[in-house]
Amino acid sequence: MDEQPRLMHSHGVGMAGHPGLGQHMPDGTEGEGRKQDIGDILQQIMTITDQSLDEAQARKHALNCHRMKPALFNVLCEIKEKTVLSIRGAQEEEPPDPQLMRLDNMLLAEGVSGPEKGGGSAAAAAAAAAAGGAGADNSAEHSDYRAKLSQIRQIYHTELEKYEQACNEFTTHVMNLLREQSRTRPISPKEIERMVGIIHRKFSSIQMQLKQSTCEAVMILRSRFLDARRKRRNFNKQATEILNEYFYSHLSNPYPSEEAKEELAKKCSITVSQVSNWFGNKRIRYKKNIGKFQEEANMYAARTAVTAASASAQGSQANSPSTPNSAGGYPSPCYQSSRRIQ
DNA sequence: CTAAATGATTACTA
DNA sequence: TAGTAATCATTTAG
């Protein structure tokens, strides 16, 4: 890049005003003239940094108005395209991020990013059903869940909109800037397009963070909603009585069969696993402190005796769910601290 | 308010 | 895999 201008100057004579500066050059003479023009322009570019601002501005204008400018600009763009941009272009076209897709799917499933109300309530209903809480005070919690979900959704959409707007503003700004600059340096429309792509990717990575934190919030809300420990309700008195009745009338072997559990569950309007939980808790707590349960045990023993008596008096045993070995020959806790629980 | 009671969960065992 | 033991988180009693 050192020799060429000089070389051109040595030959170039008076071709400055040549009208035919087309892309093709039919003969060497025309080529020489063009070369000289290019040499002039390059010279000006090289020295432009040495000039004052006003001077530079004037020169810039002159350069811009130069008849060779568009052609040279195209050439430079092409060169640039072939070198720098093609290298960068090779590593683009990344596949859609699987994690982002997962987040999107979840937000959609959770009704955060989907259609306004429909998806949300459906998901909430599904969650409510999964909670399995025998629908008593379920609706209150349900609406609470929905309210919180819609709050999350609102924040999400507001933020998303904000990001989108910022992205658009920034993109427009950069595009204007590049277009403006493309008057003085070789920037092809393709390159602008690519830059826009880069900006969008950056912003979408920010959006991913938003999506991620929204997902987290939904998960926490959901787990809170589903985790029954956090909103435990005691069983009603009747259910507790039925369970206790069974427990104390089967003290020697307080392990209800699957069928018995089902029956108890139905009677108490709770689930079978709740029955299992109850018996698990009862056995361990009874074993740990039999003394404390003495009174309760006596009470239920007496009650069972009475019902049994009245039942046998009527010649029927319709009461008490499948009672194989009730009070019969088993020691009431009054007489001994039965140790049949492992 | 604190402590006890209680339903659910977890890690482990036979 | 059902059951045990420890523990959590909540409700209820005092």
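Just so it is clear: chains get the letters A, B, ... in the order the sequence lines come, proteins before strands, and each one is counted from 1. FYI, side chains are in, hydrogens and waters are out, and symmetry mates aren't considered; it's all heavy atoms of this structure.
- Taken from CD1 in A:I155 to CZ in A:R153, the straight-line distance is 12.0 Å, to the nearest 0.5 Å.
- Put simply, A:Q274 has a side-chain N or O that comes within less than 4.0 Å of OP1 or OP2 on B:dA8.
- A:T240 places a side-chain N or O within donor-acceptor distance of the main-chain N or O of A:N236, the cut-off being under 3.5 Å.
- Atom CE of A:M299 is surrounded by more than 12 heavy atoms from other residues, nucleotides or ligands within 6.0 Å.
- Spacing between atom CZ of A:R285 and atom P of C:dG3 amounts to 17 Å, rounded to whole angstrom units.
- Contacts classified as ring-ring contact (aromatic ring centres under 6.0 Å, His included) and involving residues 264-284 of chain A (residues at least two apart or in different chains) are given here: A:Y246-A:F279.
- Atom-to-atom distance recorded for A:M208:CE and A:L210:CG is 11.5 Å, nearest 0.5 angstrom.
- A:R283 has its CZ atom 6 Å from the P atom of C:dG3, to the nearest Å.
- Residue A:K287 places at least one side-chain N or O closer than 4.0 Å to OP1 or OP2 of C:dA5.
- We find that OH of A:Y286 is positioned 15 Å from P of B:dT6, with the value rounded to whole Å.
- Here the C1' atom of nucleotide B:dT6 and the CZ atom of A:F247 are 14 Å apart, to the nearest Å.
- A:E258 has its CD atom 10 Å from the C1' atom of C:dA2, to the nearest Å.
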Could you run down the sub-3.5 Å N/O contacts of the protein with nucleotides 12-14 of chain C?
none

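- Taking atom CZ of residue A:F279 and atom P of nucleotide C:dG3, one finds them 11 Å apart after rounding to whole Å.
- Look at A:E263 and A:K266 and you find no salt bridge, because none of the NZ, NE, NH1 or NH2 atoms lies under 4.0 Å from a carboxylate O.
- One finds a side-chain N or O of A:K261 lying less than 4.0 angstrom from the OP1 or OP2 phosphate oxygen of C:dG3.
- Across every non-hydrogen atom of A:K261 and A:V272, the tightest pair is CB-CG1, 4.0 Å.
- In this structure, the CZ atom of A:F293 is 7 Å from the P atom of B:dT6, given to the nearest Å.
- If you measure from atom NZ of A:K288 to atom C1' of B:dT6, you get 13 Å, rounded to the nearest angstrom.
- When the nucleotides B:dT9, C:dA5, C:dT4 are ranked by their closest atom to the side chain of A:N277, B:dT9 comes out on top.
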Table of protein N/O atoms under 3.5 Å from nucleotides 3-5 of chain B N/O atoms:
{"residue": "B:dA5", "atom": "OP2", "partner": "A:K292", "partner atom": "NZ", "Å": "3.4"}

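- For the residue pair A:R232 / A:N234, a side-chain donor-acceptor distance below 3.5 Å is found, with atom types taken as modelled.
- Nucleic acid contact for A:F235: sugar-phosphate only, since backbone atoms but no base atoms lie under 4.0 Å from a heavy atom of the residue.
- Classification of the A:Y286-A:Y248 ring pair by plane angle, with boundaries at 30° and 60°, yields perpendicular.
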